[in-house]
Amino acid sequence: MVLDLIHNAQYKEQIISEYKGNPFIEALPEIISSEEVVSKLANFPPYNKEERQLDNQYRAHLVGRLYDVFQPLAIHLDLESRISRVIRQGYVARNVLDKSFVSNNYRSTAGSFTLLGVSGMGKTTVVNRILSMYPQVIVHSKYKDSPLSRYQVVYLRLECSYDGSIKGLCLSFFSKVDEILGTDYYSRFGSGKLSVDNMLVAMSNIAKSISLGLLVIDEIQNLSKSKSGGADRMLNFFVTLVNTIGLPVLLIGTPEAMGVLQGKFRQARRGSGQGDLVFERLDNDINFKLLVTAIWGYQWTKRPTALTDELIETLYDQSQGIIDITVKLYALAQTKAISSGIETITPELIKQVADESLRLVKPMLNALRTGNVMEIVKYPDIYTGNIDLSYELPNWNRFVIPTTSKPPTVENNEKPVKVRTKKVPPSAENDIRVMVQNKEEDLTAYDILKNHGLIKGFEVI
Ligand SMILES: Nc1ncnc2c1ncn2[C@@H]1O[C@H](COP(=O)(O)OP(=O)(O)OP(=O)(O)O)[C@@H](O)[C@H]1O
Ligand SMILES: [Mg+2]
């Protein structure tokens with residue numbers, strides 16, 4: 001049993017009437033504002049300029065700290081809010097104090113949705129960060145002077161096995177529950193001769209008895225590799241969990257998962273008014289610049305390199321807006337600058353490390369660079385063209401920077417960095433692009449965005 005994950009229930013007064021008098025909801029953390037979400041999601045690890053003077057072998061290690069940086073994006077707020085809602089709404093019908101729930105005669109209030117996005121856009125990272133805002137296990141012993149003996153597992157995150165097999169998923173469910181609660185489900189249901197159907201029944205009974213709040217299944221694209229009929233069977237099972245047990249389900253995958261999700265699960269979800277959430281690649285605009293600015297201050301070369309338009313352009317061109325590749329390229333460029341003694345980061349160095357280290361993904365990045373759909377469709381992990389965006393797209397222009405912590409900046413003796421914006425005719429007065437385009441001399445894009453209150457607590461670079 002992992003003791004760190006276990007929390008004793010503390011019941012909080014609820015503002016929303018549907019949530020009142022429900023121990024499972026009252027024991028959850030407070031519903032927090034967007035600003036608080038951003039502050040909790042962001043991660044800017046410590047940085048000390050003196051570290052630049054350390055010997056090469058130490059600095060090679062320090063560069064690894066870059067992978068801990070987390071810059072919240074607008075779409076993360078949407079995701080956090082959905083997760084917060086599905087967990088609570090799922091518990092509405094499953095109130096242990098309610099007679100209809102106890103007598104098994106309740107109507108599910110659970111919702112479900114999918115998070116799809118290009119590989120390396122941070123789906124797994126952000127979902128883990130959001131889930132870590134919740135205690136994983138809450139122990140109930142007494143509610144309003146009446147005894148209530150229950151474990152509440154707020155979330156469980158599983159990965160779809162590489163071959164997309166149902167048995168693999170069931171086994172990892174049993175062992176995950178054993179790991180956090182110290183039970184012996186794996187040996188009882190997993191290692192014997194239970195058929196897959198019986199394992200699924202055991203799984204849904206366990207989900208019910210541990211009052212599971214949200215089941216997250218990552219790498220759902222692996223279902224496309226399951227034996228014929230396997231994917232449908234699994235998706236039907238998820239629909240049962242949502243509709244019969246009342247358990248919310250979140251499926252995460254690359255665009256390749258679209259093929260298997262077209263059927264029943266999608267229809268069931270549509271019925272409940274929830275669309276897919278899609279993490280697209282970043283455009284080469286203020287969004288990408290914000291990401292690069294967040295990581296740029298983490299520099300361990302002896303000679304500081306200020307961020308320039310050309311460096312941003314090169315990073316975008318080489319990464320095509322894929323966050324994972326952007327961070328890796330910057331880290332690799334620093335490692336190379338340190339080991340070769342150049343001690344400074346140049347566009348040429350970034351191109352060189354991209355050529356040397358990204359060989360496997362190069363054809364995919366080239367396809368994206370050319371924008372040739374015939375080429376792009378060859379890579380199901382990145383092709384999002386067939387995703388039906390049936391939900392309202394979030395406003396990607398609005399960035400939120402935490403007020404509590406901020407990334408370091410490189411001391412800049414050069415001209416302020418100019419922002420290149422997409423050539424979309426500006427319209428609304430409060431459109432970020434209008435603000436940036438109409439900028440007065442001497443003001444950086446950051447000044448302007450900050451003056452408009454779109455960036456908070458962020459120093460001018
Ligand atoms: N918002 C962010 N800020 C900083 N770094 C990020 C951010 N999002 C992702 N990353 C970086 O990208 C890496 C890859 O992210 P992650 O594995 O979560 O992507 P994914 O979408 O789950 O990819 P896959 O589909 O391949 O599983 C992370 O290790 C992290 O370094
Ligand atoms: Mg992932």
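Along the sequence shown, residues carry numbers from 1. Counting starts at 1 for both ligands and their atoms, following the listed order.
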*Leu250 versus Ile252: any side-chain heavy-atom pair under 4.5 Å?*
yes

*So is Gly117 close enough to ligand 1, meaning a heavy atom under 4.0 angstrom away?*
no

*asked:* Closer than 4.0 Å to some heavy atom of Thr125 - which atoms of ligand 1 meet that?
replied: 15 (O), 16 (P), 18 (O), 28 (C)

*Which residue, Leu158, Ile245, Leu251, forms the side-chain contact (heavy atoms from CB on, under 4.5 Å) with Leu215?*
Leu158

_Please report whether ligand 1 has a polar contact with Gly122, defined as an N or O pair separated by less than 3.5 Å (distance criterion only)._
yes

*For ligand 1, note which part of Val69 has a heavy atom under 4.0 Å away: side chain, backbone, both or neither.*
backbone

*May I ask you to decide if the ring planes of Phe189 and Tyr185 are parallel, tilted or perpendicular, using 30° and 60° as cut-offs?*
parallel

*For ligand 1, does Thr254 get within less than 4.0 Å through its side chain, its backbone, both, or neither, judged by non-hydrogen atoms?*
side chain

*asked:* So if I count the atoms of ligand 1 from 1 in the order they appear, which ones are less than 4.0 Å from some heavy atom of Gln71?
replied: 1 (N), 2 (C), 3 (N), 4 (C)

*Please confirm whether Tyr58 and Trp300 have ring centers closer than 6.0 angstrom.*
no

*Relative to the heavy atoms of Asp324, which atoms of ligand 1 are at a distance of less than 4.0 Å?*
12 (O), 13 (C), 14 (C)

*Which atoms of ligand 1 sit under 4.0 Å from any heavy atom of Glu219?*
27 (O)

*For the rings on Tyr91 and Phe24, is their centre-to-centre separation under 6.0 Å?*
yes

*Decide yes or no on side-chain contact (heavy atoms from CB on, under 4.5 Å) for Leu214 and Ile83, but give the supporting numbers first.*
CA-CA 8 Å; Leu214 175 68; Ile83 290 181; 4.0 Å; yes

_Exercise: do Glu348 and Gln352 side chains pair donor with acceptor under 3.5 Å_ = no

*Within 45 degrees of the axis of the six-membered ring of Tyr47 and under 6.0 Å from its centre: does Arg65 put its NZ or CZ there?*
no

*asked:* Within this structure, what is the CD-CD distance for the pair Gln334 and Glu343, rounded to the nearest 0.5 Å?
replied: 10.0 Å

*Can you tell me if Thr344 and Thr305 form a side-chain donor-acceptor pair at under 3.5 Å?*
yes

*According to the interplanar angle, ranging from 0 to 90°, do the rings of Phe279 and His76 count as parallel (below 30°), tilted (30 to 60°) or perpendicular (above 60°)?*
tilted

*Protein N/O/S atoms under 2.8 Å from the Mg ion (ligand 2): how many?*
1

_Test your reading of the structure: does Thr124 have an N or O sitting under 3.5 Å from an N or O of ligand 1?_
yes

*Going by the atom numbers of ligand 1, which of them fall below 4.0 Å from some non-hydrogen atom of Phe70?*
1 (N), 2 (C), 3 (N), 4 (C), 7 (C), 8 (N)

*At a 4.0 Å threshold, what atoms of ligand 1 neighbour a non-hydrogen atom of His76?*
1 (N)

*Short N or O distance, Gly120 and ligand 1, threshold 3.5 Å exclusive*: yes

*First locate atom OG of Ser204, then atom CG of Leu212, and finally report the distance between them rounded to the nearest 0.5 Å.*
11.5 Å

